[in-house]
There are 4 protein chains.
Amino acid sequence: MARGRKINSNGERSKQLLLEKAVELFSEKGYHDTKISDIVKAANVTQPTFYLYFESKDSLYNDLNKRFQRGFDEIMSKHSEEVVKGIEGLVRMLKQKIKMLFVYILENPKLTKIGLFESEQSVVVKSQLTQQFISLIHLHDCEHLLQSYCVDINVAVDSFVGSLERLILTTLLEQKKLPCELANELIHLYFLISFSRSAPPL
Amino acid sequence: MARGRKINSNGERSKQLLLEKAVELFSEKGYHDTKISDIVKAANVTQPTFYLYFESKDSLYNDLNKRFQRGFDEIMSKHSEEVVKGIEGLVRMLKQKIKMLFVYILENPKLTKIGLFESEQSVVVKSQLTQQFISLIHLHDCEHLLQSYCVDINVAVDSFVGSLERLILTTLLEQKKLPCELANELIHLYFLISFSRSAPPL
Amino acid sequence: MARGRKINSNGERSKQLLLEKAVELFSEKGYHDTKISDIVKAANVTQPTFYLYFESKDSLYNDLNKRFQRGFDEIMSKHSEEVVKGIEGLVRMLKQKIKMLFVYILENPKLTKIGLFESEQSVVVKSQLTQQFISLIHLHDCEHLLQSYCVDINVAVDSFVGSLERLILTTLLEQKKLPCELANELIHLYFLISFSRSAPPL
Amino acid sequence: MARGRKINSNGERSKQLLLEKAVELFSEKGYHDTKISDIVKAANVTQPTFYLYFESKDSLYNDLNKRFQRGFDEIMSKHSEEVVKGIEGLVRMLKQKIKMLFVYILENPKLTKIGLFESEQSVVVKSQLTQQFISLIHLHDCEHLLQSYCVDINVAVDSFVGSLERLILTTLLEQKKLPCELANELIHLYFLISFSRSAPPL
DNA sequence: TATGAATGAGAATTCATTCAT
DNA sequence: AATGAATGAATTCTCATTCAT
């Protein structure tokens with residue numbers, strides 16, 4: 001049977017297709033239950049074609065994770081506004097970042113499943129996220145507030161990251177709420193109730 | 001080594017050993033990266049011995065999950081005290097249950113990794129947990145409180161479950177806090193600050 | 001040997017080769033004593049190559065049986081001449097069919113060993129054959145003849161099938177007689193002696 | 001748990017039980033699909049007990065075959081009456097032998113399945129049987145009769161053995177006819193019709 | 001006499017990857 | 001750029017058999 005380049009074929013298109021199908025399958029079935037044969041079948045190419053564009057299954061998976069992290073990090077690391085010290089500034093920045101995060105995630109739901117929930121890299125992503133939140137608190141000089149409420153900052157931030165993670169999974173990715181809505185509710189839950197009062201509890 | 005029974009061998013011990021090593025390896029490396037050959041090597045027996053005590057890799061893994069869930073469910077489903085309606089009752093019961101959960105988890109850290117973080121069953125466990133918390137809120141007639149604070153009960157509970165999950169992973173299993181301590185802090189974070197005041201915010 | 005495609009390799013040839021060797025080995029040693037490793041060794045390929053062309057050992061064996069049965073059924077079910085009622089018509093048709101059967105078998109001796117003697121399917125093949133002979137007798141209105149000779153039709157047909165089976169094994173496949181010769185002798189044995197007389201015995 | 005001799009246990013009984021269950025299972029499922037574990041489970045003993053009484057699976061199977069053959073040979077080789085030359089003598093002896101064979105088979109149906117239909121030994125049994133029939137024909141000086149009817153003695157005898165084999169399987173073992181009945185019908189089919197006349201066909 | 005415990009040897013099957021075209 | 005054909009290296013699981021008690 002005929003071999004060689006398919007009519008109308010185009011390298012970039014094949015690569016793109018493989019990438020899409022890979023993301024889809026990895027996100028649905030996980031790394032181990034997604035076989036290269038599944039991916040190429042879905043992309044309607046043959047196995048060697050896969051190796052034309054990707055070094056290995058592993059390296060593709062890593063690429064996908066890095067790709068997710070790049071978008072993620074961008075949002076978390078660049079502060080688009082100037083920093084206003086104090087709780088209000090923190091809340092505003094958090095709200096903004098989380099909204100951006102949620103938008104990004106909704107734009108890349110499958111990549112998110114991989115990069116935030118399934119891969120081993122996700123562990124790193126989440127602990128980085130934790131660190132970044134801690135940094136933000138320090139940046140806004142808000143440690144003392146937590147202390148005055150007798151809340152361990154690490155516990156608070158871990159809790160927050162956990163909430164974020166779970167709400168992304170159960171509510172955002174399930175499209176039960178809009179990014180903006182959900183971000184507001186999460187922030188409300190953590191900040192507005194408690195910190196809307198003027199004084200700390202005795 | 002010669003065939004047949006080993007000197008001083010004992011079936012229960014072998015099974016126990018295999019079980020322990022399996023839990024250890026599964027929790028460290030996950031289902032797919034733990035080979036039966038790894039387990040039996042660690043237990044210092046041969047592969048057929050594995051099949052003497054377990055039906056298959058899969059069924060062993062399922063057993064482990066069920067075993068974890070049994071303990072988990074027991075804590076969550078049996079209310080050892082009578083139900084006192086209202087926020088104080090809810091907080092007390094939650095605190096108690098979470099402490100018990102934490103104790104159970106610290107007693108079975110590896111099983112927890114498998115059953116709460118790695119397996120596909122863990123998805124079910126967590127959504128059941130969510131349902132159970134929702135039931136508890138209803139049981140104590142506290143929905144209205146959340147409403148008065150403009151908090152969606154589903155968001156609140158998902159958030160709580162996420163916090164719980166993450167704190168178990170980062171703090172409890174890492175032995176950074178004692179069960180009692182961590183439970184108090186988590187409850188404090190979610191309830192005491194906000195609900196210790198008499199009136200809802202305007 | 002290096003991985004990848006062999007020089008001058010050709011899929012159809014490989015599949016054909018595997019098929020041939022499989023038929024050969026199955027027919028010689030039976031299903032259980034023929035290992036996939038034997039087949040691929042004989043075909044000079046590796047085990048995965050086997051699975052490139054066949055689903056499993058079992059399905060290959062079934063295919064082989066079906067293949068045998070297809071040829072067999074074709075001969076037995078299609079009547080190439082019109083039906084002439086009476087003993088002469090029956091004898092002529094039987095003779096013709098048995099000759100065709102014998103020719104088919106001599107063309108596929110190994111497949112026959114599998115499909116008529118070794119497999120579990122062979123049981124079905126033979127009882128179908130029995131039914132087909134019974135149908136032929138009815139079709140030619142010859143039941144009464146057997147009755148007049150005090151012969152139970154089932155016994156007669158079973159006996160005939162048994163003779164057929166054994167002669168195929170000991171004489172046809174051993175190439176001691178030609179198909180035509182053997183068919184004539186078998187028919188002679190069963191019909192000509194007895195039915196060449198005009199009247200039934202008293 | 002307690003080991004050692006079971007209360008009320010008795011070596012002969014265990015061996016007998018194993019033997020029975022082995023015959024049963026081998027006859028139903030064949031050699032390969034009958035596992036030692038199946039046999040001992042059915043006999044309610046453990047695997048090592050099997051090896052107390054039998055050398056190996058293989059040797060047990062061979063024993064079973066030999067046991068079948070002993071009974072078979074006894075019937076075929078000992079002529080209980082004196083030999084009367086001629087076709088009548090042959091028919092009488094054949095009838096008698098076949099009846100005895102049938103009785104033996106009905107008394108040992110499972111052993112027969114193994115020894116006459118399933119095992120590799122069965123091939124030998126049947127070709128010996130063929131030889132024995134040929135000897136009987138010679139012994140009664142009946143070759144010329146077959147010749148006068150233009151029947152090849154080998155074909156005739158193979159045919160007869162095939163009929164015998166198939167009728168045993170489909171009719172005798174299925175208990176559709178009594179041994180005596182079936183033997184008469186078979187002999188009738190092969191001899192009485194044709195040879196009951198005084199003269200050979202022209 | 002009988003058993004609990006164990007294993008050597010191998011079986012089928014899978015999968016990522018590679019080579020020749 | 002793409003494919004047909006092939007394989008190395010596992011991996012799970014089975015089964016007859018054996019040893020120590």
Side-chain angles (χ1 to χ4, degrees), chain A residues 1-15 32 35-40 45-58, chain B residues 1-15 32 35-38 40 45-58, chain C residues 1-15 32 35-38 40 45-58, chain D residues 1-15 32 35-38 40 45-53 55-58:
Chain A
M1 202 173 285
R3 243 165 285 152
R5 185 173 179 167
K6 265 197 268 183
I7 295 168
N8 264 337
S9 74
N10 168 301
E12 268 315 303
R13 220 181 108 46
S14 292
K15 181 172 183 180
H32 284 286
K35 318 295 176 189
I36 302 268
S37 59
D38 297 332
I39 298 173
V40 298
V45 298
T46 58
Q47 303 225 32
T49 300
F50 178 92
Y51 289 92
L52 222 50
Y53 300 111
F54 310 105
E55 220 182 78
S56 68
K57 183 184 176 182
D58 215 68
Chain B
M1 194 181 295
R3 251 199 268 192
R5 186 175 190 168
K6 272 198 245 173
I7 296 172
N8 256 334
S9 75
N10 170 299
E12 268 314 305
R13 171 141 62 258
S14 292
K15 180 171 184 181
H32 284 288
K35 315 297 177 189
I36 300 213
S37 60
D38 297 332
V40 298
V45 297
T46 58
Q47 296 231 31
T49 300
F50 178 93
Y51 291 93
L52 216 53
Y53 300 110
F54 310 105
E55 227 181 67
S56 67
K57 184 184 172 183
D58 213 68
Chain C
M1 194 181 295
R3 250 199 269 193
R5 186 176 190 169
K6 274 196 243 173
I7 296 172
N8 256 334
S9 75
N10 169 300
E12 268 314 305
R13 171 141 64 259
S14 293
K15 180 172 184 178
H32 285 288
K35 317 295 178 188
I36 300 218
S37 61
D38 297 332
V40 299
V45 297
T46 58
Q47 298 231 34
T49 300
F50 177 93
Y51 290 93
L52 216 52
Y53 300 110
F54 309 105
E55 224 181 69
S56 67
K57 183 183 173 184
D58 214 68
Chain D
M1 201 174 284
R3 242 165 287 153
R5 185 172 179 168
K6 265 198 269 182
I7 294 167
N8 264 337
S9 75
N10 167 301
E12 269 314 304
R13 221 181 107 46
S14 291
K15 180 171 183 177
H32 284 287
K35 319 294 176 191
I36 302 270
S37 60
D38 297 332
V40 298
V45 298
T46 59
Q47 302 225 33
T49 301
F50 178 92
Y51 290 92
L52 221 52
Y53 300 111
E55 220 182 76
S56 67
K57 183 185 177 183
D58 215 68

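All values derive from a computational prediction rather than experimental measurement. Every chain is numbered from 1, with letters handed out A, B, ... down the list of sequences.
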Whole Å only: how far is the [atom1] atom of [X] from the [atom2] atom of [N]?
| X | N | atom1 | atom2 | answer |
| --- | --- | --- | --- | --- |
| D/Y51 | E/dA2 | OH | P | 17 Å |
| B/D38 | F/dT12 | CG | C1' | 13 Å |
| A/I36 | E/dT18 | CD1 | P | 11 Å |
| C/K57 | E/dG10 | NZ | P | 15 Å |
| C/E12 | F/dA6 | CD | P | 10 Å |
| B/R5 | E/dA6 | CZ | P | 7 Å |
| A/I39 | E/dC15 | CD1 | C1' | 12 Å |
| B/N10 | E/dT3 | CG | C1' | 14 Å |

OP1 or OP2 of F/dA6 sitting under 4.0 Å from any side-chain N/O of C/S14?
yes

Taking only side-chain N and O atoms of B/K6, does any of them lie within less than 4.0 angstrom of OP1 or OP2 on F/dA20?
no

Where the side chain of D/V45 is concerned, which of F/dA16, E/dT3, F/dC13 is the nearest nucleotide?
E/dT3

For the side chain of C/T46, counting heavy atoms from C-beta on, which of F/dA5, F/dT14, F/dG8 is nearest?
F/dG8

Is there a donor on the side chain of B/R3 or the base of E/dG8 sitting less than 3.5 Å from an acceptor on the other?
no

Using a 4.0 Å heavy-atom cut-off across all strands, classify A/L52 as base, sugar-phosphate, or nothing.
base

Taking any heavy-atom pair under 4.0 Å as a contact, classify A/F54: base, sugar-phosphate, or nothing.
nothing

Stem regions touching DNA chain F, defined by at least 3 consecutive Watson-Crick or wobble G-U pairs below 3.5 angstrom:
E:2-21 with F:2-21

The answer to which of C/N8 and B/Y53 contacts DNA chain E further toward the 5' end, by nearest nucleotide, is B/Y53

Quick check: on DNA chain F, is the nucleotide nearest D/H32 upstream (toward 5') of the one nearest A/T49, or the reverse? Name the residue that is more 5'.
A/T49

Of C/K15 and D/K35, the one whose nearest nucleotide on DNA chain F sits closer to the 5' end is C/K15

For a quick test of your reading: what N or O donor-acceptor pairs under 3.5 Å do the side chains of residues 46-55 of chain A make, sequence neighbours left out?
unit_1	atom_1	unit_2	atom_2	d
A/T46	OG1	A/T49	OG1	3.3
A/Y53	OH	A/G11	O	3.3

Has C/K6 got a side-chain atom pairing as donor or acceptor with C/R3's backbone, closer than 3.5 angstrom?
no

Rounded to the nearest 0.5 Å, what's the gap from NZ on B/K15 to CG on B/N10? Could you check?
12.5 Å

For the student: nearest non-hydrogen atoms of D/K35 and D/H32, plus distance:
NZ-O, 2.9 Å

Just do the side chain to side chain contact (heavy atoms under 4.5 Å, CB included) check on A/K57 and A/I39 with the steps written out, would you?
CA-CA 10 Å; A/K57 183 184 176 182; A/I39 298 173; 5.8 Å; no

